[in-house]
Asks: 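The structure's right below; bear with me while I get my questions together.
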Protein chains: 2
Amino acid sequence: MSTTTAHSYSISELAQEFGITTRTIRFYEDKGLLTPQRRGQTRVYTPEDRVRLKLILRGKRLGFSLDESREIIDMYDPAHGNVEQLNRLLDRIDSKRQQLREQQRDIEKMLAQLDDASARTRAALKEQSK
Amino acid sequence: MSTTTAHSYSISELAQEFGITTRTIRFYEDKGLLTPQRRGQTRVYTPEDRVRLKLILRGKRLGFSLDESREIIDMYDPAHGNVEQLNRLLDRIDSKRQQLREQQRDIEKMLAQLDDASARTRAALKEQSK
DNA sequence: GTTGACGTTTACGTTAACGTAAACCTCGAT
DNA sequence: ATCGAGGTTTACGTTAACGTAAACGTCAAC
């Protein structure tokens, strides 16, 4: 029995918090990534909506398309479906993990490259100071 | 005195190796990311060109725009410039490193999320087998 | 000498992810 | 009553990163 404090957010609150525009949030809804409630006309966002938005933006920072982010978010959903569907889901999850690990390797290579560049630049600065 | 074996590549060789189209490679040239030699009309790519291409594609996998990739690649260049320029370069390098570290954190969070999803899916499978 | 395989330029088309603007409602405060 | 701050829908515009196609050159092979 978890007593969930039913806190809610307006669209502009979320926009401010994450540094995006309301247009962007509505666009995500249009693409089926968010489905807020309505109080009359007005959209009302739950903490769960907020989390979904957070995940979308995280995916974006990693270069994922909205479709990819949606797929990843849906992976966490109540795993409903038959055995075959569940097995396919497991495969997709694993495939995403592999992709993320490849990104990790890419980042490390790029970081090493930047370390090198930084060192060379500092060396060039030492040279300038005669 | 390093004896550089002047190996060269055709555009379709590079396209094949990296699983992209020749159109893409020409597009990168158009955007100033590659500047191959010409044998008559025909483009001829050096091993250095190949490396640049590799870096572009690595950046792409990390969600970087071509402009960002160009910036990163240029960071590795012969650090020419005065002290002020070199210092600004150092700042940009450091800023990129911070961004990459943030991406690392994002990836770890997402990996943890996927691990969780995977476990839950496997649990759902066990449930199915009664 | 024509036919492929490979190269080139030029140019219009496409998709994702929003930006921008107009035109309108709603409500609490002045 | 009006006004400003927020909300809404609708719709056209924009940018990046290529795709696609046409129209042409070149050269080794048949």
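Not measured: the values here are computed from a predicted model. Quick note on labels: first sequence line is chain A, next is B, and so on, each numbered from 1.
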Asks: Tell me, please, which residues at least two apart from R88(B) pass side chain to side chain contact (heavy atoms under 4.5 Å, CB included).
Replies: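 R88(B): side chain to side chain contact (heavy atoms under 4.5 Å, CB included) contacts with E84(B), Q85(B).
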
Asks: Could you check how far OH of Y9(B) sits from P of dC6(C), rounded to whole Å?
Replies: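 To the nearest whole Å, that distance equals 19 Å.
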
Asks: Do R38(B) and T42(B) have side-chain atoms, one donor and one acceptor, less than 3.5 Å apart?
Replies: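 No donor-acceptor contact under 3.5 Å links the two side chains.
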
Asks: With a 4.5 Å cut-off on side-chain heavy atoms, are K96(B) and M110(A) touching?
Replies: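 No, every pair of side-chain atoms sits at 4.5 Å or beyond.
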
Asks: Between side-chain atoms of residues 54-67 of chain A and protein atoms elsewhere (two or more places apart, or another chain), which donor-acceptor pairs fall under 3.5 Å?
Replies:
unit_1, atom_1, unit_2, atom_2, d
R61(A), NE, E102(B), OE2, 3.4
R61(A), NE, D106(B), OD2, 2.7
R61(A), NH2, D106(B), OD1, 3.0
R61(A), NH2, D106(B), OD2, 3.4
S65(A), OG, D67(A), N, 3.4
S65(A), OG, E68(A), N, 3.1
D67(A), OD1, R70(A), NH2, 2.4

Asks: Which parts of nucleotides 7-20 of chain C does protein reach within less than 4.0 Å, heavy atoms only, written one letter per nucleotide 5' to 3' as B for base, S for sugar-phosphate only and - for none?
Replies: SBB-B-----BBBB

Asks: Whole Å only: how far is the CZ atom of R39(B) from the C1' atom of dC6(C)?
Replies: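 Rounded to the whole Å, the gap is 14 Å.
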
Asks: Check for a donor-acceptor pair, side chain of D94(B) on one end and backbone N or O of D91(B) on the other, with a separation under 3.5 Å.
Replies: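 The answer is no, because no donor-acceptor pair under 3.5 Å joins these two groups.
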
